[in-house]
Visitor: 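What follows is a structure written as structure tokens; I'll ask about it next.
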Amino acid sequence: MSEMQLILNDSFWKFLVSLEELKEKKDKTLFCASLNVDDETLQEFQEFLNRFDVMCESDDAFIYPLKDKCRIKMDFSLSEWLALQASFHKDDDQNNFKHYYQRIVQNKLSAAQKAFEQFNLYRKPADVSVKLSEIENLKKKIDYVICYKKSITIEFFNNKECVVFPHRLVFLDGILCVVGESINDKSLVFFGVEDIKDVKDFVHEYEPNLSQIEVNEFICHLRLINGKEERLILKIYSQYEADLLPSHHFLGNPFVTSNTEGEMIWAATIEMCDDLFQWLYTMKDRAEVLDPGHVRKEFAHYCEIKNENSGLKKVS
């Protein structure tokens with residue numbers, strides 16, 4: 001096939017990603033089958049890499065890991081970084097990407113955006129009139145009324161109001177939300193904290209009709225719809241220094257065990273979002289992501305970018 005056909009061939013990019021992830025030799029027939037390519041196509045891919053002095057070794061039986069892993073680093077000014085994000089802007093539907101190589105670049109860009117959330121060109125901003133300190137005060141107010149089982153009147157920036165009995169303050173679809181019981185119709189509702197202008201005590205006493213089990217089931221159903229929950233598995237090297245309960249995250253089916261060496265295996269079904277990566281980063285020297293593999297890779301990218309940014313700040 002021509003060079004342009006090869007570049008636009010999704011199988012080539014899947015081959016390259018699989019080759020970079022290869023840790024030990026793999027049966028060549030199985031490797032080709034996983035990519036749905038034949039020996040002749042595989043040889044074309046290998047010859048193309050040879051042009052860049054990247055030696056992909058194989059024989060009749062096996063294909064071997066790359067001896068030298070290529071890492072290419074770049075330094076961006078703010079204008080260059082924003083321009084790069086604009087060049088790869090996509091809608092919420094990732095299927096808008098026609099080619100696999102576009103998704104590779106977007107995944108890398110997403111990891112960098114998580115690490116530099118302040119400069120994420122497409123993040124959903126809170127109302128400009130709300131300062132960070134006011135958001136923190138709002139969270140404290142809501143946590144207080146949840147703790148003391150009080151009802152509240154929520155005032156929104158669009159001038160609407162709602163009276164609820166709040167049950168949980170939890171991340172849903174990457175946004176910190178209040179999950180509560182509407183006093184008007186006894187149903188469960190949820191609102192993003194960034195949409196709330198203020199909360200006030202509701203003067204009348206209210207006895208909730210829904211149990212914590214029903215609230216948890218409601219959160220689970222919402223997360224299934226969002227499609228962002230993962231079964232996160234961590235190895236904790238120092239359980240006494242690790243914070244095993246990330247704030248405002250709902251842990252589904254949590255499980256903890258330990259071995260004779262004092263290492264702990266922690267597992268829970270949890271929604272992946274920027275705040276969770278920040279929680280993992282605070283434990284980066286005491287914990288390791290075991291599974292899922294793509295979360296381990298995304299977190300490694302996140303740490304790499306964070307560490308590089310920290311080094312640049314020290315130099316400056």
Visitor: Please examine the side chains of Pro166 and Ile152, heavy atoms only from C-beta on, and report whether any two atoms are closer than 4.5 Å.
Guide: yes
Visitor: Decide yes or no on side chain to side chain contact (heavy atoms under 4.5 Å, CB included) for Gln212 and Asn216, but give the supporting numbers first.
Guide: CA-CA 6 Å; Gln212 195 60 53; Asn216 291 347; 3.4 Å; yes
Visitor: Could you tell me whether the side chains of Asn184 and Ser182 share a donor-acceptor contact shorter than 3.5 Å?
Guide: no
Visitor: For residues Val105 and Lys108, determine if any side-chain heavy atom of one lies less than 4.5 Å from a side-chain heavy atom of the other.
Guide: no
Visitor: Can you label the angle between the Phe171 ring and the His249 ring as parallel, tilted or perpendicular, going by 30° and 60°?
Guide: parallel
Visitor: So how far is it from Phe45 CZ to Leu49 CG, rounded to the nearest 0.5 Å?
Guide: 9.5 Å
Visitor: Compare all side-chain heavy atoms of Met264 with those of Thr257 and state whether any distance is below 4.5 angstrom.
Guide: no
Visitor: According to the interplanar angle, ranging from 0 to 90°, do the rings of Phe52 and Phe48 count as parallel (below 30°), tilted (30 to 60°) or perpendicular (above 60°)?
Guide: perpendicular
Visitor: Linking directly or through intermediates, with side-chain heavy atoms under 4.5 Å: list the remaining ILVMFWY members grouped with Ile233, chain and number order.
Guide: Ile265, Leu290
Visitor: Does Glu40 have more than 12 heavy atoms from other residues, nucleotides or ligands lying within 6.0 Å of its CD?
Guide: no
Visitor: Using the rule that Ile, Leu, Val, Met, Phe, Trp and Tyr join whenever any side-chain heavy atoms are under 4.5 Å apart, tell me whether Tyr144 and Leu138 fall into a single cluster.
Guide: yes
Visitor: With the side chain counted from C-beta on, respond yes when Leu232 and Val289 share a heavy-atom pair under 4.5 Å apart, and no when they do not.
Guide: yes
Visitor: If you link ILVMFWY side chains whenever their heavy atoms are less than 4.5 Å apart, which other residues fall into the same cluster as Phe218? By chain and number, please.
Guide: Val170, Leu172, Val179, Leu188, Phe190, Leu210, Val215, Ile219, Leu222, Phe250
Visitor: Taking atom CG of Asp59 as the centre, report whether more than 12 heavy atoms of other residues, nucleotides or ligands fall under 6.0 Å from it.
Guide: yes
Visitor: Are Val178 and Ile146 close enough, and set up right, to give a side chain to side chain contact (heavy atoms under 4.5 Å, CB included), and what steps lead you there?
Guide: CA-CA 10 Å; Val178 181; Ile146 291 174; 5.6 Å; no
Visitor: If I take atom CD from residue Glu181 and atom CD from residue Glu214, how far apart are they, to the nearest 0.5 angstrom?
Guide: 8.5 Å
Visitor: Measure the shortest side-chain to side-chain distance between Gln85 and Leu109 over non-hydrogen atoms and say whether it is less than 4.5 angstrom.
Guide: yes
Visitor: With clusters built from Ile, Leu, Val, Met, Phe, Trp and Tyr whose side-chain heavy atoms come within less than 4.5 Å, directly or transitively, what are the remaining members of the cluster of Val203, listed by chain and number?
Guide: none
Visitor: Is Ile183 reachable from Ile196 through a run of hydrophobic residues whose side-chain heavy atoms are each under 4.5 Å from the next?
Guide: no
Visitor: Applying side-chain hydrogen bond (donor to acceptor under 3.5 Å, both in side chains), name anything that partners Ser58, two or more places apart in sequence or on another chain.
Guide: Gln46
Visitor: Mind listing the closest non-hydrogen atom pair of His248 and Leu176 along with its distance?
Guide: CB-CD1, 3.5 Å
Visitor: Does Leu224, at its CG atom, have more than 12 non-hydrogen atoms belonging to other residues, nucleotides or ligands within less than 6.0 Å?
Guide: yes
Visitor: With a 4.5 Å heavy-atom cut-off, do Pro246 and Leu251 have their side chains touching?
Guide: yes
Visitor: Measure the CD1-CG distance between Ile175 and Asp275 for me, rounded to the nearest 0.5 Å.
Guide: 12.5 Å
Visitor: Transitively linked via ILVMFWY side-chain contacts under 4.5 Å: Val37 with Leu16?
Guide: yes
Visitor: For the CG atom on Asn158, are there more than 12 heavy atoms of other groups (residues, nucleotides or ligands in this structure) within a distance under 6.0 Å?
Guide: yes
Visitor: Can you name the nearest heavy-atom pair linking Thr269 to Arg223, along with the distance?
Guide: O-NH2, 3.0 Å
Visitor: Do the side chains of Val163 and Val193 join up, straight or via other hydrophobic residues, at under 4.5 Å, putting them in one cluster?
Guide: no
Visitor: Mind checking what makes salt bridge (Lys or Arg N to Asp or Glu O under 4.0 Å) contact with Asp198, not counting sequence neighbours?
Guide: Lys141
Visitor: Please list, chain by chain and in numerical order, all residues satisfying ring pair (Phe, Tyr, Trp, His ring centres under 6.0 Å) with Phe255, sequence neighbours excluded.
Guide: none
Visitor: Taking all non-hydrogen atoms of both residues into account, name the closest pair between Leu84 and Phe76 and its distance.
Guide: CD2-CZ, 3.8 Å
Visitor: Pair Gln278, Lys306 - check side chain to side chain contact (heavy atoms under 4.5 Å, CB included), show working.
Guide: CA-CA 10 Å; Gln278 182 59 40; Lys306 278 281 194 181; 3.7 Å; yes
Visitor: Apart from Tyr64 itself, what residues make up its hydrophobic cluster, given side-chain heavy atom links below 4.5 Å?
Guide: Phe62
Visitor: Indicate if Val17 and Phe15 have the same hydrophobic cluster label, given that clusters are the connected sets of ILVMFWY residues with side-chain heavy-atom separations under 4.5 angstrom.
Guide: yes
Visitor: I'd like to check the side chain to side chain contact (heavy atoms under 4.5 Å, CB included) partners of Ala112; sequence neighbours left out, ordered by chain and number.
Guide: Trp81, Ile305
Visitor: Applying side-chain hydrogen bond (donor to acceptor under 3.5 Å, both in side chains) as the test, list every pair that has at least one member in residues 17-35; sequence neighbours left out.
Guide: Glu21-Lys297
Visitor: Roughly how far, to the nearest 0.5 Å, is the CG atom of Asp10 from the CG atom of Asn36?
Guide: 12.0 Å
Visitor: State which residues pass side chain to side chain contact (heavy atoms under 4.5 Å, CB included) with Gln5; sequence neighbours excluded, sorted by chain then number.
Guide: Met1, Ser2
Visitor: Between Gly192 and Cys177, what is the shortest heavy-atom contact and its length?
Guide: CA-SG, 4.0 Å
Visitor: With a sphere of 6.0 Å drawn around OH of Tyr148, does it hold more than 12 non-hydrogen atoms of other residues, nucleotides or ligands?
Guide: no
Visitor: Side-chain contact, heavy-atom cut-off 4.5 Å: Glu44 with Phe12?
Guide: no
Visitor: Would you find a donor on one side and an acceptor on the other, under 3.5 Å apart, between the side chain of Arg231 and the backbone of Gly252?
Guide: yes
Visitor: Given 3.5 Å as the limit, does a donor-acceptor pair link the side chain of Trp13 with the main chain of Ile7, or not?
Guide: yes
Visitor: Which pairs, with at least one residue in residues 142-159 and sequence neighbours excluded, count as a salt bridge (charged side-chain N to carboxylate O under 4.0 Å, His left out)?
Guide: Glu155-Lys200
Visitor: Just wondering, more than 12 heavy atoms not from Asn209 lying within 6.0 Å of its CG?
Guide: yes
Visitor: What is the minimum heavy-atom distance between Tyr302 and Ala111, and which atoms define it?
Guide: CD1-O, 4.4 Å
Visitor: Between His204 and Tyr206, is a ring pair (Phe, Tyr, Trp, His ring centres under 6.0 Å) present by the stated rule, with each step listed?
Guide: CA-CA 6 Å; His204 302 292; Tyr206 178 77; over 10 Å; no
Visitor: Specify the closest pair of heavy atoms between Phe156 and Ile154, including all atoms of both residues, with the distance to one decimal.
Guide: CZ-CG2, 3.5 Å
Visitor: If I take atom SG from residue Cys56 and atom CD1 from residue Ile63, how far apart are they, to the nearest 0.5 angstrom?
Guide: 4.0 Å
Visitor: Please identify each residue that fulfils side-chain hydrogen bond (donor to acceptor under 3.5 Å, both in side chains) with Ser151, with sequence neighbours left out.
Guide: none
Visitor: OH of Tyr237 to CZ of Arg286: how many Å apart, nearest 0.5 Å?
Guide: 13.0 Å
Visitor: Between Val54 and Cys70, is the side chain to side chain contact (heavy atoms under 4.5 Å, CB included) condition met? List the steps.
Guide: CA-CA 9 Å; Val54 177; Cys70 303; 4.1 Å; yes
Visitor: Quick one, Leu234 and Leu280 - any side-chain contact, counting heavy atoms below 4.5 Å?
Guide: yes
